[in-house]
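Below you'll find the structure, written out as structure tokens, and then a few comments.
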Protein chains: 2
Amino acid sequence: MPTRAAAEVRQDAARAYDAYLASCPARQLLDRISDKWVTLIVSALADGPQRYSDLARRIAGVSQKMLTQTLRLLERDGLLTRQVTAAVPVRVDYELTPLGVSLLPLIACIKDWAETHMDEVAAARDVYDTVAAQ
Amino acid sequence: MPTRAAAEVRQDAARAYDAYLASCPARQLLDRISDKWVTLIVSALADGPQRYSDLARRIAGVSQKMLTQTLRLLERDGLLTRQVTAAVPVRVDYELTPLGVSLLPLIACIKDWAETHMDEVAAARDVYDTVAAQ
DNA sequence: CAGTATCCCTCATGATACTG
DNA sequence: CAGTATCATGAGGGATACTG
């Protein structure tokens, strides 16, 4: 069964490549910052500490689940700290760590490229779509 | 029905925010480069033009579907060109455009941050997981 | 060689309801 | 206020088979 064997070889290669990518730092970072809410939360915290409800308000459209989940993720990664103040009602503040702050220039780079070049991309899309329509 | 109305208001806000994000250049760029295969293909083409089969070989683990789909996406965005040479068998070469090349420094920035700081992130995770386990 | 077409399936996200 | 728990869905991605 050469076909079956070839398929297996391909799948093995795919799995090995997946494993390789999983260990790639740049890939791990991209996995983080590509998350819809990660950059929004980090950017929101650039101005200083924020409470949970502040974040929920600033980042309209985020569900409680995703906000909590993403905050936990970022806390685990050492990008922000979670400070609970025992009171009634409870108060929880989130703040960027120096590591989290160090991410801001990178986000700024991405923003720069986007603001400089995304209109070219949009133009290219228009051309592509126009030609394809004919 | 105040509950229902409140839920609707929240959903409207979420939709409006989605629309806002869809028009955000930085978000659009992140949507592109966060794609697993986009950065790999762009990086592979940094060395110069490559044929379809070259790319398939270099980027082990990519399916034909995703390779073709991603190449079309990048062509549409004006990041690379597709050059078909009529012959038997057909030959297709892909090459970065200047716009595509301009993306390379940004990818390098991301790589730099990752290689500089991802070990700190990994360390933070270890601490977090260790504390959580107790 | 360089694709296209199809099916299938998982996994991430969001809505909803409940709580210390 | 700041979450947790549960359920549903839908879109992205892979496997497979076929083609100019």
Side-chain angles (χ1 to χ4, degrees), chain A residues 1-18 21 31-32 34-38 40-41 49-73 75 80 82-94 132, chain B residues 1-18 21-22 31-32 34-38 40-41 49-75 80 82-94 132:
Chain A
M1 285 180 181
T3 301
R4 180 171 163 72
E8 281 176 0
V9 167
R10 246 179 289 124
Q11 285 187 37
D12 282 351
R15 267 188 290 270
Y17 203 72
D18 265 9
L21 285 182
D31 283 344
R32 277 292 164 278
S34 71
D35 186 289
K36 185 177 175 181
W37 306 117
V38 165
L40 291 170
I41 290 176
Q50 306 267 327
R51 299 181 61 174
Y52 182 90
S53 49
D54 291 334
L55 289 170
R57 214 171 309 114
R58 286 185 62 151
I59 308 173
V62 67
S63 63
Q64 279 189 317
K65 178 183 171 180
M66 291 315 296
L67 181 55
T68 301
Q69 186 174 306
T70 308
L71 286 167
R72 290 287 189 282
L73 194 81
E75 185 193 4
L80 54 78
R82 178 171 179 268
Q83 181 72 28
V84 182
T85 306
V88 180
V90 176
R91 175 192 177 109
V92 181
D93 288 271
Y94 292 92
Chain B
M1 285 180 184
T3 300
R4 181 172 162 73
E8 280 176 359
V9 167
R10 246 179 290 123
Q11 284 188 37
D12 282 352
R15 267 189 291 271
Y17 204 71
D18 264 9
L21 284 181
D31 283 345
R32 276 293 165 277
S34 70
D35 186 289
K36 185 177 175 180
W37 305 118
V38 165
L40 291 169
I41 290 176
Q50 305 268 327
R51 299 181 60 174
Y52 182 91
S53 49
D54 291 333
L55 290 170
R57 214 171 308 113
R58 286 185 63 152
I59 308 173
V62 67
S63 64
Q64 279 189 316
K65 177 184 170 179
M66 291 315 295
L67 181 54
T68 301
Q69 186 174 305
T70 309
L71 286 168
R72 290 286 188 284
L73 195 80
L74 295 174
E75 186 194 3
L80 55 77
R82 179 172 178 267
Q83 181 72 28
V84 181
T85 306
V88 181
V90 176
R91 174 194 179 109
V92 181
D93 288 271
Y94 292 92

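To find a chain, count down the sequence lines: A is the first, B the second, and so on, and within it residues start at 1.
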Presence of [X] side-chain N/O under 4.0 Å of [N] phosphate oxygens OP1/OP2:
| X | N | answer |
| --- | --- | --- |
| A/S63 | C/dA15 | no |
| B/R91 | C/dA2 | no |
| B/Y94 | C/dC1 | no |
| A/W37 | C/dA12 | no |
| B/R72 | C/dA2 | no |

What is the distance from [atom1] of [X] to [atom2] of [N], rounded to the nearest Å?
| X | N | atom1 | atom2 | value |
| --- | --- | --- | --- | --- |
| A/R15 | D/dG13 | CZ | C1' | 15 Å |
| B/D93 | C/dG3 | CG | P | 10 Å |
| B/L67 | C/dA2 | CG | P | 10 Å |
| A/L71 | D/dA2 | CG | C1' | 11 Å |
| A/D18 | D/dG13 | CG | P | 12 Å |
| A/K65 | C/dC18 | NZ | C1' | 15 Å |
| B/Y17 | C/dT13 | OH | P | 16 Å |
| A/Q64 | D/dC1 | CD | P | 11 Å |

Minimum heavy-atom separation for [X] and [Y], please, with both atom names.
| X | Y | value |
| --- | --- | --- |
| B/Y17 | A/R58 | OH-O, 4.0 Å |
| A/L71 | A/L55 | CD2-CD1, 3.9 Å |
| B/R51 | B/V90 | NH2-O, 3.9 Å |
| A/Q64 | A/Y52 | O-OH, 3.4 Å |

Quiz item: Start at the 5' end of DNA chain D and walk down; is the nucleotide closest to A/T68 or to A/P89 reached first?
Solution: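 The answer here is A/P89.
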Quiz item: Relative to the 5' end of DNA chain D, which residue comes earlier, A/S53 or B/D35, by the nucleotide with the nearest heavy atom?
Solution: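 In this pair, the answer is A/S53.
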Quiz item: Is the shortest side-chain N to carboxylate O distance from B/R57 to B/D54 below 4.0 Å?
Solution: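 Answer for the salt bridge query: yes.
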Quiz item: With a non-hydrogen cut-off below 4.0 angstrom, is B/R82 in contact with a base, only sugar-phosphate, or nothing?
Solution: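 Sugar-phosphate contact only - B/R82 comes under 4.0 Å of backbone atoms but never of a base.
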Quiz item: With nearest nucleotides of DNA chain C determined for A/Q69 and A/V90 from heavy-atom distances, which residue corresponds to the more 5′ nucleotide?
Solution: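 Looking at the nearest nucleotide for each, A/Q69 comes out on the 5' side.
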Quiz prompt | Partner nucleotide, any strand, of D/dA15 [Watson-Crick/G-U, under 3.5 Å] | solution =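 Partner of D/dA15: C/dT6.
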